[in-house]
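First up is the structure itself, then whatever we jot down about it.
Because the structure is a prediction, the values reported are computed rather than measured.
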Amino acid sequence: MENGYQDYGQEGTAYQGMGADGGYTGNPFADMDYGLCKRCRRRSIDRSENPESVLCHDCREELIRLKVPPIFYVVGLAVMLMVAFTMVTSIGGFRNFGTYNKSKDVAGEGYVLSTMNGLLEILEENPDNKEVAVELVDMGMKYSYYDYAAYTIDNYLVGKEVSDYEYDKLNGYINKLEAYYATYDLFNEVWDDVFGEDPEAEDIPEALDEFNRELSRFVRQPGYDQALLFYYLGYMSVNTEESIAYLEECLELNPYIYEAQAQLATYYRRQGELDRARRQLEEIYKVNKEDSSILRSYAALELVEGNLEEGLTYAELAYEFNYDGEYVIDTYIVALAANGRMEEAEQLLENYEAEYVFDDDLYAYLNGEMTLEDYYIGE
């Protein structure tokens, strides 16, 4: 069953309104039935790889997935950015590029990734086009695609002359990027201290409690991306209400963390608050129509409300944009089956079974043992 514990890559996310010394305390697993995952408390423990496991397959994979690093790192960019305080009046030629001229309008219509990829293509062909590079960095920072911004600064702006205004702006971006990647490093440091290389190396209830306590010490501390920090805290929380609160705190700080938006809508949907989930998705969809987590969450909502064709449309788009996104393939399979395209659903399942371990509930739905409401609403 697709769950509420995120959906990263954007790196990943969830949040809660707790104080600087917060973090949930106590043992939320005290009354748990034997045999249930000690993190999500819904699925059965998977001992196929480790006879001592206390996690289901999905939770183990989700915890491991958080260790995957961002695509790019900013290393010493503040030092590397050897720019002159000289107004450059001759950029040369970019006005001939229709993609650049239309970039703000197209992005404003919600096609953020398409616009950034178009600008990146221009830069690959015209690496000295500073104005396009600055535009791409601006968009990456505005819409929280920080890897795009870091990559562009590092590859297309280091050592280039820019205006005084752009110099100050880029240095501000670099400070923000350094805080973002410092928070990622912080997560890894706390992870290694608590879990080591194996997410099941420690007692899970105690380890999750310790992890949240340690990470919570950096809330409100300078030098860290607070939105990303709250996302990590919520991601690791086993309490739904805490996770929702962390997500809300995260989005107050940065509404363009799309995984947090999608995850919050998923929590609302699972609690049966479908109108609230729709409002959550509608607002962020206006901003970004190409993020797979938003599209997948939208697909699930449409399906459970009986809008089967619309659900399939969103699921197919999510698959096309990022088939490897969390629960994207699962949602596409469900959408195909719900629309009577069972042969395609079964073929897709077969294509990925060697690569993914699908949840038992997916098979139950395909076998007619669960309804869409059973699958998408409730714990």
Task: Over all atoms of both residues, closest heavy-atom pair of V304 and E373 - done: CG2-CA, 3.9 Å
Open item on the list: Go through it in stages, so that I can follow the logic: the residues are K160 and D128, the test is salt bridge (charged side-chain N to carboxylate O under 4.0 Å, His left out), and I'd like the CA-CA distance, side-chain angles, deciding distance and then a yes or no.
Closed with: CA-CA 8 Å; K160 302 290 179 62; D128 293 327; 3.6 Å; yes
Task: Point-to-point distance, once rounded to the nearest 0.5 Å, from CD1 of I377 to CG of L372 - done: 9.5 Å
Open item on the list: For the backbone of T371 and the side chain of D374, can you confirm whether one donor and one acceptor N or O come within less than 3.5 Å of each other?
Closed with: yes
Open item on the list: Can you confirm whether I257 sits close enough to Q261 that some side-chain heavy atom of one is under 4.5 Å from a side-chain heavy atom of the other?
Closed with: no
Open item on the list: So, using ring pair (Phe, Tyr, Trp, His ring centres under 6.0 Å) as the criterion, who are the partners of F321 when residues are at least two apart?
Closed with: none
TODO: Please report the shortest heavy-atom distance between A133 and T152, naming the atom on each side.
DONE: O-CG2, 3.5 Å
Task: Nearest non-hydrogen partners of G234 and S243, listed with the distance - done: O-OG, 3.1 Å
TODO: Search all heavy atoms of A337 against all heavy atoms of L366 and return the closest pair with its distance.
DONE: CB-CD2, 3.6 Å
Task: Y363 versus E353, closest heavy-atom pair with distance - done: OH-OE2, 2.7 Å
- [ ] Could you please spell out the steps behind the side chain to side chain contact (heavy atoms under 4.5 Å, CB included) verdict for L301 and Y376?
- [x] CA-CA 8 Å; L301 181 62; Y376 280 129; over 6 Å; no
Task: Step-by-step side chain to side chain donor-acceptor pair (under 3.5 Å) determination, Y143 to D138 - done: CA-CA 9 Å; Y143 293 105; D138 286 342; over 6 Å; no
Task: L177 and I153, any side-chain heavy atoms less than 4.5 Å apart - done: yes
Task: Mutual orientation of the aromatic rings belonging to Y148 and Y145 [parallel < 30°, tilted 30-60°, perpendicular > 60°] - done: perpendicular
Open item on the list: Is there a salt bridge (charged side-chain N to carboxylate O under 4.0 Å, His left out) between R278 and E302? Walk through the geometry before answering.
Closed with: CA-CA 9 Å; R278 182 171 293 279; E302 296 289 8; 3.1 Å; yes
Task: Any donor-acceptor pair under 3.5 Å from K289 side chain to E109 backbone - done: yes
TODO: Indicate the ring-plane relationship of Y323 and Y352, choosing parallel, tilted or perpendicular according to the 30° and 60° boundaries.
DONE: tilted
Task: K169 vs M141, side chain to side chain contact (heavy atoms under 4.5 Å, CB included): CA-CA, chis, key distance, verdict - done: CA-CA 11 Å; K169 179 173 66 174; M141 296 304 295; over 6 Å; no
Task: Side-chain (E290) to main-chain (S114) donor-acceptor, under 3.5 angstrom - done: yes
Open item on the list: Has T183 got a side-chain atom pairing as donor or acceptor with A179's backbone, closer than 3.5 angstrom?
Closed with: yes
- [ ] Would you please name every residue forming a side chain to side chain donor-acceptor pair (under 3.5 Å) with R276, sequence neighbours left out?
- [x] Y268, E273
TODO: Sequence neighbours left out, what passes side chain to side chain donor-acceptor pair (under 3.5 Å) with K142? Give chain and number order.
DONE: none
Task: Gap separating the CE atom of M236 from the CZ atom of F187, nearest 0.5 angstrom - done: 5.0 Å
Task: Approximate separation, where rounding is to 0.5 Å, of I294 CD1 and L317 CG - done: 13.5 Å
Task: Close side-chain approach of D193 to E210, heavy-atom, < 4.5 Å - done: no
Open item on the list: Between I329 and F358, is there a side-chain heavy-atom distance shorter than 4.5 Å?
Closed with: yes
TODO: Specify the closest pair of heavy atoms between M139 and V112, including all atoms of both residues, with the distance to one decimal.
DONE: CE-O, 4.1 Å
Open item on the list: Within a 6.0 Å radius of atom CD on E344, are there more than 12 heavy atoms belonging to other residues, nucleotides or ligands?
Closed with: yes
Open item on the list: With rounding to the nearest 0.5 angstrom, report the CG to OG distance, N212 to S237.
Closed with: 6.0 Å
Task: Set of salt bridge (Lys or Arg N to Asp or Glu O under 4.0 Å) partners for E310, sequence neighbours left out - done: none
- [ ] Run the numbers on E131 and N129 for side chain to side chain contact (heavy atoms under 4.5 Å, CB included), then give the verdict.
- [x] CA-CA 6 Å; E131 191 159 348; N129 195 319; 4.0 Å; yes
- [ ] Look only at the side chain of N339 and the backbone of L308, and say whether a donor-acceptor pair between them is shorter than 3.5 Å.
- [x] yes
TODO: Take Q263 and E326 through the test side chain to side chain donor-acceptor pair (under 3.5 Å) and record every step on the way to the result.
DONE: CA-CA 11 Å; Q263 192 171 340; E326 195 154 4; over 6 Å; no
Open item on the list: Would you say the rings of F211 and Y235 are close, in the sense that their centroids are separated by under 6.0 Å?
Closed with: no
- [ ] Give a yes or no on this: more than 12 heavy atoms of other residues, nucleotides or ligands lie within 6.0 Å of atom CD of E282.
- [x] yes
Open item on the list: Could you check whether any side-chain N or O of N367 sits under 3.5 Å from a backbone N or O of E369, counting only pairs where one atom can act as donor and the other as acceptor?
Closed with: no
Task: Side-chain touch L251/L264, heavy atoms, less than 4.5 angstrom - done: yes
Open item on the list: Ring centroids only, cut at 6.0 angstrom: are Y184 and Y224 within range, meaning strictly under it?
Closed with: no
Task: Residues that E320 engages under side chain to side chain donor-acceptor pair (under 3.5 Å), provided they are two or more places apart - done: none
Open item on the list: In the structure I gave you, are the side-chain heavy atoms of L233 and S216 within less than 4.5 Å of one another anywhere?
Closed with: yes
Open item on the list: Rounded to the nearest 0.5 Å, what separates atom NZ in K176 from atom OG in S144?
Closed with: 6.0 Å
Open item on the list: Is it the case that atom CD in E343 sees more than 12 heavy atoms from other parts of the structure closer than 6.0 Å?
Closed with: no
Open item on the list: Looking at D361 and A364, would you say the former's side chain and the latter's main chain have a donor-acceptor pair under 3.5 Å?
Closed with: no
Task: Atom pair CZ (R269) and OH (Y298), whose distance is rounded to the nearest 0.5 Å - done: 13.5 Å
Open item on the list: Counting the benzene-type ring for Trp, do Y285 and Y314 have ring centres under 6.0 Å apart?
Closed with: yes
Open item on the list: What I want to find out is whether R296 reaches D330 closely enough, with some N-O distance under 4.0 Å, to be called a salt bridge.
Closed with: no
- [ ] If the plane angle is over 60° it's perpendicular, under 30° parallel, otherwise tilted; pick one for Y156 and Y151.
- [x] perpendicular
TODO: Apply ring pair (Phe, Tyr, Trp, His ring centres under 6.0 Å) to Y146 and list each qualifying residue two or more places apart in sequence or on a separate chain.
DONE: Y180
Task: Residue pair Y365, I333: steps toward the side chain to side chain contact (heavy atoms under 4.5 Å, CB included) verdict - done: CA-CA 10 Å; Y365 173 74; I333 291 171; over 6 Å; no
Open item on the list: For a 4.5 angstrom cut-off between non-hydrogen side-chain atoms, does T331 reach V328?
Closed with: no
Open item on the list: I'd like to know whether D209 forms a salt bridge (charged side-chain N to carboxylate O under 4.0 Å, His left out) with R213, so could you lay out the CA-CA distance, the side-chain angles of the two residues, the decisive distance to 0.1 Å, and finally the verdict.
Closed with: CA-CA 6 Å; D209 186 43; R213 283 200 310 271; 2.4 Å; yes
Task: Side chain N117, main chain L113, donor-acceptor under 3.5 Å - done: yes
Task: Backbone of Q221 reached by a side-chain donor or acceptor of Q226 within 3.5 Å - done: yes
